[in-house]
Student: 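Quick one: the structure is below, questions incoming.
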Amino acid sequence: MDDDQIRLDDTDRQLIGLLRDNARLSVSALAGKLRVSRGTVQNRLARLEHSGVIAGYTVRLRQSAQPNRIRAWMTIVVEGSCAPDVIRALRGEPAVTALHSTNGRWDVVAEISADNLEAFDRALGRIRLIKGIVNTETHILLSTHKV
């Protein structure tokens, strides 16, 4: 099964969010924060790793230390009162590096990062399928200038 076929539930998304914040958390610590058993965490980690949703564990670097990654901002319109569910789903998307709620035409701005255009395209496809997302617009960041 590949990552396009696996269904993530709230616990999976919360687990990914915790790992995104600190991938060095122990299984016991993860289980405590999720209020599930260690076995549940181990089984979910194994399933997420086997399916490719979790491709590996790594360190988080400053933006300036990652010059060749494709980065973008995706502005998102959310249907009605679906924002909490959409944000929860976006937290579970591995390509999303940050989320911002906003006002005006767009409800959410997601910062997205991928190693190549193919991975970037797959991430956009997954995000656009999230229930509650009505419209998106994506802006690839070409260069960053110091202020």
Side-chain angles (χ1 to χ4, degrees), residues 1-27 29-36 40-41 44-45 47-147:
M1 177 184 294
D2 62 49
D3 58 7
D4 292 333
Q5 296 174 331
I6 189 168
R7 293 266 185 226
L8 300 179
D9 64 14
D10 286 344
T11 302
D12 292 327
R13 289 184 194 94
Q14 291 169 0
L15 176 58
I16 291 168
L18 289 168
L19 291 170
R20 181 175 283 135
D21 290 338
N22 182 358
R24 297 184 70 183
L25 285 173
S26 68
V27 171
L30 290 166
K33 290 178 182 287
L34 294 171
R35 295 186 175 114
V36 298
T40 297
V41 170
R44 285 175 182 264
L45 284 172
R47 181 176 55 86
L48 292 168
E49 290 168 357
H50 178 72
S51 68
V53 171
I54 294 178
Y57 299 86
T58 186
V59 296
R60 193 172 22 196
L61 303 174
R62 291 187 322 268
Q63 290 290 352
S64 61
Q66 303 176 71
N68 296 322
R69 286 184 62 88
I70 296 166
R71 298 180 316 143
W73 289 341
M74 176 185 263
T75 50
I76 301 167
V77 176
V78 176
E79 180 181 11
S81 61
C82 294
D85 293 332
V86 168
I87 289 172
R88 194 169 20 259
L90 289 168
R91 281 188 54 93
E93 167 55 48
V96 174
T97 58
L99 289 170
H100 312 276
S101 57
T102 185
N103 65 338
R105 179 176 174 197
W106 306 101
D107 299 305
V108 177
V109 175
E111 294 181 40
I112 301 169
S113 182
D115 289 329
N116 55 54
L117 286 173
E118 185 177 291
F120 183 76
D121 185 43
R122 284 193 310 267
L124 294 183
R126 288 190 305 267
I127 291 168
R128 289 178 179 143
L129 291 175
I130 292 172
K131 185 178 179 184
I133 291 181
V134 176
N135 191 18
T136 67
E137 187 173 302
T138 305
H139 306 271
I140 294 177
L141 303 175
L142 300 176
S143 59
T144 301
H145 307 276
K146 290 187 178 183
V147 187

Student: Quick check: closest heavy atoms across Y57 and A23, and the distance to 0.1 Å?
Tutor: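 Nearest heavy atoms, Y57 then A23: CD2-CB, 4.1 Å.
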
Student: Show, in sequence, the C-alpha distance, side-chain angles and deciding distance for I76 and I130, and conclude whether the side chain to side chain contact (heavy atoms under 4.5 Å, CB included) test is met.
Tutor: CA-CA 11 Å; I76 301 167; I130 292 172; over 6 Å; no

Student: On a heavy-atom basis, which atom in G92 and which in L8 lie closest, and how many Å separate them?
Tutor: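 Heavy atoms of G92 and L8 come nearest at O-CD1, 3.9 Å.
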
Student: List the residues meeting side chain to side chain contact (heavy atoms under 4.5 Å, CB included) with A83, not counting sequence neighbours, and say none if there are none.
Tutor: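 In terms of side chain to side chain contact (heavy atoms under 4.5 Å, CB included), with neighbours along the sequence ignored, A83 is linked to V78.
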
Student: Among residues at least two apart in sequence or on other chains, which ones pass side-chain hydrogen bond (donor to acceptor under 3.5 Å, both in side chains) with N116?
Tutor: none

Student: Can you name the residues that form a side-chain hydrogen bond (donor to acceptor under 3.5 Å, both in side chains) with D12, not counting sequence neighbours?
Tutor: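 Partners of D12 by the side-chain hydrogen bond (donor to acceptor under 3.5 Å, both in side chains) criterion, ordered by chain and then number, come out as R44, R47.
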
Student: Please tell me if the side chains of I16 and V53 come closer than 4.5 Å, counting only heavy atoms from C-beta onward.
Tutor: yes

Student: I'd like to check L19 versus L30 (side-chain heavy atoms, cut-off strictly below 4.5 Å). Are they in contact?
Tutor: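 Yes - at least one pair of side-chain heavy atoms lies under 4.5 Å apart.
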
Student: Only counting residues at least two apart or in another chain, list the ones meeting side-chain hydrogen bond (donor to acceptor under 3.5 Å, both in side chains) with S143.
Tutor: H145

Student: May I have the list of side-chain donor-acceptor pairs in residues 131-140 shorter than 3.5 Å, sequence neighbours left out?
Tutor:
{"from": "T136", "atom 1": "OG1", "to": "R128", "atom 2": "NE", "distance (Å)": "3.2"}
{"from": "E137", "atom 1": "OE2", "to": "H139", "atom 2": "NE2", "distance (Å)": "3.0"}

Student: Looking only at non-hydrogen atoms, find the nearest pair between S113 and R71 and report the distance.
Tutor: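 Nearest pair, atom of S113 first, then R71: OG-CG, 4.1 Å.
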
Student: Once side chain to side chain contact (heavy atoms under 4.5 Å, CB included) is applied, do any residues pair with A98, and if so which ones, sequence neighbours excluded?
Tutor: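 Listed in chain order: H100, E111.
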
Student: Under the side chain to side chain donor-acceptor pair (under 3.5 Å) definition, can you give me all pairs with a residue in residues 80-91, not counting sequence neighbours?
Tutor: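 Residue pairs with at least one partner in residues 80-91: D10-R88, D85-R88.
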
Student: Might you work through the side chain to side chain contact (heavy atoms under 4.5 Å, CB included) test for I112 and L124, ending with a clear yes or no?
Tutor: CA-CA 9 Å; I112 301 169; L124 294 183; 4.0 Å; yes

Student: With sequence neighbours excluded, tell me which residues meet side chain to side chain contact (heavy atoms under 4.5 Å, CB included) with V36.
Tutor: L34, T40, V41

Student: To the nearest 0.5 angstrom, please state how far the CZ atom of R35 sits from the OG1 atom of T11.
Tutor: 11.5 Å

Student: Mind checking what makes side-chain hydrogen bond (donor to acceptor under 3.5 Å, both in side chains) contact with E93, not counting sequence neighbours?
Tutor: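 side-chain hydrogen bond (donor to acceptor under 3.5 Å, both in side chains) check on E93 returns R126.
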
Student: Other residues, nucleotides and ligands only: do more than 12 of their heavy atoms fall within 6.0 Å of CH2 on W106?
Tutor: yes

Student: To the closest 0.5 Å, what do you measure between CD1 (I70) and CG (L141)?
Tutor: 11.0 Å

